[in-house]
Every structure is written in C-alpha cells, then in structure tokens.
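Below, chain A is the first sequence line, B the second, and so on; all start at residue 1. Both backbone and side-chain heavy atoms feed into the values below; hydrogens, waters and symmetry mates do not. Remember, it's a predicted structure, so these values are computed and weren't measured experimentally.
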Number of protein chains: 2
Amino acid sequence: MADITSELLSRHRAPVDQSSGRSPAAGTDPQLITFVELLFFAYRDFTREADAALAEFGLGRAHHRVLHFVNRHPGLRVADLLEILKITKQSLARVLKQLVDQGWIVQKAGERDRRQRRLHATEKGVALARRLDTLQAKRVGQALAHAGVGSDGVTARFLFNMITREERALVEALLPGPIEAIAASRS
Amino acid sequence: MADITSELLSRHRAPVDQSSGRSPAAGTDPQLITFVELLFFAYRDFTREADAALAEFGLGRAHHRVLHFVNRHPGLRVADLLEILKITKQSLARVLKQLVDQGWIVQKAGERDRRQRRLHATEKGVALARRLDTLQAKRVGQALAHAGVGSDGVTARFLFNMITREERALVEALLPGPIEAIAASRS
DNA sequence: CAAATAAGTCAACATGGCTGACATAACTTC
DNA sequence: GAAGTTATGTCAGCCATGTTGACTTATTTG
C-alpha cells in the first residue's frame, strides 16, 4: 500500500495546492463547515458496522430502519413508519413485505380499527434489532464517553436541534421522554 | 389531515401497545439507543435542504459530496476522494464525469506527476458549494447555539469519536487543524 | 525496459428512493 | 344502508447511487 494516505496525512506540511488554503464560504463561519464535515464522517462510519451485519441476512439499511422502529414501538402502524422515515408507501412496502415474509416482523389487525396492521417484531426480529442496536449504542457510548464534560446533555440537544423545527415534536413523542429529560439524565 | 400525527404525539398518554414500553436491548444502556435515534433524525434532516437545492440543477447527494471536498481542498486527487468517500472508482467516475462535463469541476494534470488529475471547482462550482455549505452550516450553527455550555467542544469530540478509530488520522488531516484545536476554538 | 501506479472505461447488477394509477377492506357520516 | 373517507396494499416503471469484474491508457519508477 503505497499510498494515498501518506499524501493526505502530510497535508499540513505539504498541502496539495499552492494556495494551501480552503475556499471559505463567504459569510459563513468557516468553523461550522468543519462540523458539517464531521457529521458526514460520523454518519458514514455509524452505519457501516450495522450494514455489514445486515448483509449476513441479505438485508439492507432500509430493513434496519423499519425493524428498529417497529422493535422500539411495538404496535406501530404503517402510517407511523411513513411519517418517521419520510419515504413513500411503495418504498416502505417493498422492505416491509420482505421483513414479514422472512419472519422478522408480524402484522396484527388493530383491535379498535381492523384496517390497521399493527407491526411487531418477532422473537427473531427482536434478537436482530438488539444486535444492531448494541453495535450502534456501543459506538455512541464510546464517543460520548470521550466528548468531555456534559457530553450527554450537549449531544442530545445538538442532535435534537438539527432536526427540522416542525418535526421535533413528533420525534420527541417517539423518545422515552422530553428531550430535556434525556439531556439531563445521564449527565 | 386527520391524522397520524395526533396518534404519535399522544403516545405518552395513550401508548400504542398494552405493554406500553420499548423493548430494550438487553445489556445495552437504553439511553444510548435514544442517541442512535437522534443521530438518524438529525442526519435525515441535515441532508434534506441541500438535496432540494441540488435537485434544481439535476444533481444529487453524491455530486454534493464530491463538489464539497474538491472545493474545500483544491487540487484534490481522484484517489483522495475515494479514500474520503469510501466508494468505488466506478461510482465516483459517474458523478465526477457529470460534474466535469457540466462545468462545476475542472481537472488539471498534476505538475510533478502528470498521471494525476488534480481537481478544482470552477467559479460556478465554488458558488454552488458555498450555497450548500451555507445551508448546512446555518443548521449546524443553530443547533450548536442551543446545545448548552461547551457545545462546540463536546460536539466536535463526539462526532470525531464516532469515526472509526483507524480513519481518524485521515479525517483530522482534512480538517483545518487537530480536533482538539477545533474543539477548543469556538467555545 | 519492465513493473507499478493513477485514472478511466465497459458491462452488468443490487438497493432503495420516486411517481402514477388502481384495488380492497373497514370505518364514518349522512 | 348508501356514499364517502381512510388504512393499507399492489402493479409497473423510472432514477440515483452503490457494487463487482475485467480491461485500457498514460506515466512514472526501479
């Protein structure tokens, strides 16, 4: 391996370009762009382990998202999933059908409204969801542990405020409690 | 609109399921799973505005990523982009070709090594990159401003530590300085 | 000069988004 | 009870963006 890495790693001493600098977005705090990049890299790696585990079963990231939220919220309806994931019914149907056919999720008609298909993870589905959750929770836990004083509160609030304002109430309703309670709890 | 939202929003009072709780991943701090979900929602919305702006030009998220890093690091090589984005040469080639054909990016043969195609954003490319950066930087800036005491340092360290350990040095080399300098600067 | 490297290319395929149109069952309203 | 609305499912096709594998070309390096 000889080696891209060496050039990238040595950039501070030997920049790739004569001008040596980054093009700043005029009017934007250049520091913020660094956070934008960090978020890209963080998410890139956040999903990689789970994706690899899912591939063992021929599943993809879309299946993961559905299984995750169904496991977290037993009895979730299809319409709820559409709100959460912001995808179309047809996109959801494709992965949901596979999850049901392969025995990860079961559908039960709603008791009050029998048009509804309340979704539940099967035993097998719960086991997979837990395995994936554990992978991602470990990464998050490790990152929080090294983030410094007040990391839980700050991180919870930061991520929550990245959500589009109109969506925040909806997300908060899915969480175990108000965001401020979460921000305060593990600190 | 009558209305999914109402059921989701009322979950704390009227849970969808008799058991009323979430299935915890045994052995995993259940609070951490909340952070996993927050990261999903944060990223979901982080990308939406920029995606919409890109659609005006018939471009997608993949184009954005390439344009962003080329703009940030003028003279970047194809091999560097592959390392950063973790995609294959063929995937990159497709979007890069479009960006070059449409005049967002130009390629210049390397001076020392004429096999290289050093990439640069054109004036038009810089303008678009800035516009997108500004959108995302504003969102991040707003989220940081409401995240509480020490938000910059904690968030920078949190996101950086979400990156796979082996990749961190590479990312750090792309940033304007060591992560600790970034974590310390805007605090 | 031979080998290694940087980049590009062709072909085929998978995943997961999208639109539009239509079907079915069950609930709600008049 | 008929008519309208709602929850869900489905067919068909398209697009963006990822993948593998095989091969080419130009250039640098040993």
Side-chain angles (χ1 to χ4, degrees), chain A residues 1-8 16 44 47-48 50-52 54-55 57-67 70 75-83 85-101 105-119, chain B residues 1-8 16 44 47-48 50-52 54-55 57-67 70 75-83 85-101 105-119:
Chain A
M1 27 171 76
D3 154 288
I4 295 156
T5 304
S6 61
E7 171 144 0
L8 277 175
V16 289
R44 180 196 71 177
T47 52
R48 303 191 94 197
D51 284 351
L54 286 156
F57 304 97
L59 300 176
R61 201 179 293 184
H63 302 95
H64 182 191
R65 296 200 268 246
V66 172
L67 179 60
V70 169
L76 204 67
R77 297 170 306 158
V78 169
D80 298 325
L81 272 174
L82 297 180
E83 282 270 328
L85 302 175
K86 305 279 184 212
I87 60 176
T88 60
K89 188 174 49 161
Q90 296 91 326
S91 296
L92 174 58
R94 187 161 40 203
V95 290
L96 181 55
K97 188 171 193 313
Q98 292 169 331
L99 288 168
V100 170
D101 289 350
I105 284 178
V106 287
Q107 298 167 310
K108 300 179 189 170
E111 295 197 352
R112 279 217 319 274
D113 184 337
R114 298 201 340 275
R115 289 172 304 180
Q116 297 173 352
R117 306 295 164 85
R118 321 252 23 173
L119 303 172
Chain B
M1 27 175 78
D3 147 300
I4 295 156
T5 304
S6 61
E7 172 143 1
L8 276 175
V16 288
R44 181 197 68 177
T47 53
R48 303 190 94 199
D51 285 351
L54 286 155
F57 304 97
L59 301 175
R61 202 179 291 184
H63 302 94
H64 182 190
R65 295 200 270 249
V66 171
L67 179 60
V70 169
L76 204 66
R77 298 169 306 158
V78 168
D80 298 325
L81 272 174
L82 296 179
E83 283 269 329
L85 303 175
K86 306 281 185 213
I87 59 176
T88 59
K89 187 174 47 160
Q90 295 90 327
S91 296
L92 175 58
R94 188 163 35 205
V95 290
L96 182 53
K97 189 171 191 310
Q98 292 169 332
L99 288 168
V100 170
D101 289 349
I105 284 178
V106 288
Q107 299 167 308
K108 300 180 189 170
E111 295 199 351
R112 277 218 318 278
D113 184 338
R114 297 201 342 274
R115 290 171 304 179
Q116 298 172 350
R117 306 294 163 87
R118 320 248 30 169
L119 303 171

- Would you tell me if any nitrogen or oxygen in the side chain of B:Q116 comes within less than 4.0 Å of OP1 or OP2 on D:dT28? no
- Query: Quick one: B:L99 CG to C:dG8 P, roughly how many Å, whole number?
  - Reply: 13 Å
- Below 4.5 Å, heavy atoms only, C-beta onward: do B:V100 and B:V106 meet side chain to side chain? no
- Where do B:R118 and B:R77 land on the side chain to side chain contact (heavy atoms under 4.5 Å, CB included) test, with the steps shown first? CA-CA 5 Å; B:R118 320 248 30 169; B:R77 298 169 306 158; 3.6 Å; yes
- Message: Could you work out, with side chain to side chain donor-acceptor pair (under 3.5 Å) as the rule, every residue matching A:H64, not counting sequence neighbours?
- Response: none
- Test side chain to side chain donor-acceptor pair (under 3.5 Å) applied to A:R115 - qualifying residues, sequence neighbours left out: A:D113
- Item | Test side chain to side chain donor-acceptor pair (under 3.5 Å) applied to B:K89 - qualifying residues, sequence neighbours left out | none
- Could you walk me through whether B:V95 and B:L59 pass the side chain to side chain contact (heavy atoms under 4.5 Å, CB included) test, one step at a time? CA-CA 9 Å; B:V95 290; B:L59 301 175; over 6 Å; no
- With rounding to the nearest 0.5 Å, note down the distance linking CG in A:L119 to CZ in A:R117. 9.5 Å
Nucleotide N/O of nucleotides 21-24 of chain D paired with protein N/O under 3.5 Å:
from   : atom 1 : to    : atom 2 : distance (Å)
D:dG21 : N7     : B:Q90 : NE2    : 3.4
D:dG21 : O6     : B:Q90 : NE2    : 2.7

- Separation of C:dT5 C1' from B:E83 CD (nearest whole Å): 15 Å
- Query: For A:L81 and C:dG17, what is the distance between atoms CG and P respectively, to the nearest whole Å?
  - Reply: 12 Å
- Task: Could you grab the distance from atom CD1 of A:I105 to atom NE2 of A:H63, nearest 0.5 Å is fine?
- Result: 9.5 Å
- Message: side chain to side chain contact (heavy atoms under 4.5 Å, CB included), that's the test. Do A:V70 and A:L99 meet it? Break it down for me.
- Response: CA-CA 11 Å; A:V70 169; A:L99 288 168; over 6 Å; no
- Query: What's the CG-P distance between A:L54 and C:dA14, to the nearest Å?
  - Reply: 18 Å
- Message: In whole Å, I'd like the distance from the CG atom of B:D80 to the P atom of C:dT5.
- Response: 16 Å
- Item | Value in whole Å for how far the C1' atom of C:dG17 lies from CZ of B:R44 | 15 Å
- Query: Which of these, A:R44, A:R65, A:R61, sits in a salt bridge (charged side-chain N to carboxylate O under 4.0 Å, His left out) with A:D51?
  - Reply: A:R61
- Straight-line distance of A:L76 CG to A:L81 CG, nearest 0.5 Å: 4.5 Å
- Note on the structure: Between CG of B:D51 and P of C:dG16 the distance, given in whole Å, is 17 Å
- Task: May I have the distance from A:L85 (atom CG) to C:dG16 (atom C1'), rounded to whole angstrom?
- Result: 12 Å
Could you go through nucleotides 13-18 of chain D and list every protein N or O atom that sits under 3.5 Å from one of its N or O atoms, giving the distance for each pair?
from   : atom 1 : to    : atom 2 : distance (Å)
D:dT17 : OP1    : B:R61 : N      : 2.9
D:dT17 : OP1    : B:A62 : N      : 3.3
D:dG18 : OP1    : B:R65 : NH2    : 2.6
D:dG18 : N7     : B:R94 : NH2    : 2.4
D:dG18 : O6     : B:R94 : NH1    : 3.3
D:dG18 : O6     : B:R94 : NH2    : 3.4

If you restrict it to nitrogen or oxygen atoms, what contacts under 3.5 Å exist between nucleotides 26-30 of chain C and the protein, and what is each distance?
from   : atom 1 : to     : atom 2 : distance (Å)
C:dC27 : OP1    : A:R114 : N      : 2.9

